[in-house]
Amino acid sequence: MALLVLILQAPTLLGRLGGGGKDWDLLANVGDAYAGVSAILSSLAFCGVAASLLLQWRQNRMTQLYSFKQQHLEIAKLALQDPRFLYVDGVDPTLDTDATLKVYANLVVSHWAMAWDLRMMSEHTVRANASRLFGDRISREWWDSWRFSYLTSRGRKRFVRILDEEHQRALAVHGDTGLALGLERE
């Protein structure tokens, strides 16, 4: 109510500030000046709302990603606790005695991938970790079978390419045969 009274009394108040006369043209020019300022403030407010919505969307996406990764971790924990669960994934733990180690390698690389997605892991760190990981035959075999599962987004292509390069270096150093990937250059 007070705001309405202030708006209705604005011409009178502006007239007093302008010398007491009622020069409506002058008052109209003052009102036009305020309209420009009002438009600028409204634009800034709109930009603020848009930025807020973008930040909320990104936060929601990160929450979804975290939830998905937690589910993945719980599934992997079940397989590590009882290797019989690996049958569901098509792995016979009685034939592949390294199956639980491959599950662990998957968990490690999944952790790196999430850190990469969140920009918390540099290329240098990924290379150093991958070089250590692929020093082991079991990890090299696992990567041959499961690298495709990490190609889930455009941002991951570089991550997978780094791991592929380190994998290829490890294959060359350790002389593995029959494991080399037919990597296409993107």
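Computed from a predicted structure; not experimentally measured. For reference, positions follow the sequence shown, starting with 1.
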Which is it for Leu78 and Asp82 under the side chain to side chain contact (heavy atoms under 4.5 Å, CB included) test, yes or no, and what are the steps along the way? CA-CA 6 Å; Leu78 285 172; Asp82 187 350; over 6 Å; no
Take Val109 and Trp142, measure what side chain to side chain contact (heavy atoms under 4.5 Å, CB included) needs, and give me the verdict at the end. CA-CA 11 Å; Val109 175; Trp142 165 78; 3.6 Å; yes
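- Considering all non-hydrogen atoms of both residues, Thr100 and Pro83 come closest at CG2-CG, 3.8 Å.
- Across Ala105 and Leu133, no two heavy atoms sit closer than the pair CB-CD1, 4.5 Å.
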What do the steps show when you test Leu107 against His72 for side chain to side chain contact (heavy atoms under 4.5 Å, CB included), and what is the final call? CA-CA 8 Å; Leu107 286 175; His72 175 253; 3.9 Å; yes
Would Arg140 and Gln168 satisfy side chain to side chain contact (heavy atoms under 4.5 Å, CB included), going step by step from the backbone distance to the final call? CA-CA 9 Å; Arg140 291 190 301 273; Gln168 289 300 311; over 6 Å; no
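- Counting all heavy atoms, side chain and backbone alike, Met121 lies closest to Trp116 at O-CE3, 3.5 Å.
- Shown here is Phe46, whose CZ atom has no more than 12 heavy atoms of other residues, nucleotides or ligands within 6.0 Å.
- The environment of His111 atom NE2 is sparse: at most 12 non-hydrogen atoms of other residues, nucleotides or ligands sit within 6.0 angstrom.
- The residues Arg161 and Glu165 are annotated as not salt-bridged, no charged nitrogen and carboxylate oxygen being separated by less than 4.0 angstrom.
- Among residues two or more places apart in sequence or in another chain, the salt bridge (charged side-chain N to carboxylate O under 4.0 Å, His left out) test is passed with Lys69 by none.
- Separation of the Trp143 and Tyr150 ring centroids falls under the 6.0 Å cut-off.
- Closest approach of Phe134 and Leu163 over heavy atoms only: CE1-O, 3.3 Å.
- Taking the side chain to side chain contact (heavy atoms under 4.5 Å, CB included) definition, one finds that Gln59 meets it with Thr63, sequence neighbours left out.
- Summarising the geometry of Arg156 relative to Asp117, their closest heavy-atom pair is NH2-OD2, 2.7 Å, with the distance given to 0.1 Å.
- Between Phe159 and Val126, the shortest heavy-atom distance links the atoms CE1-CG1, 4.0 Å.
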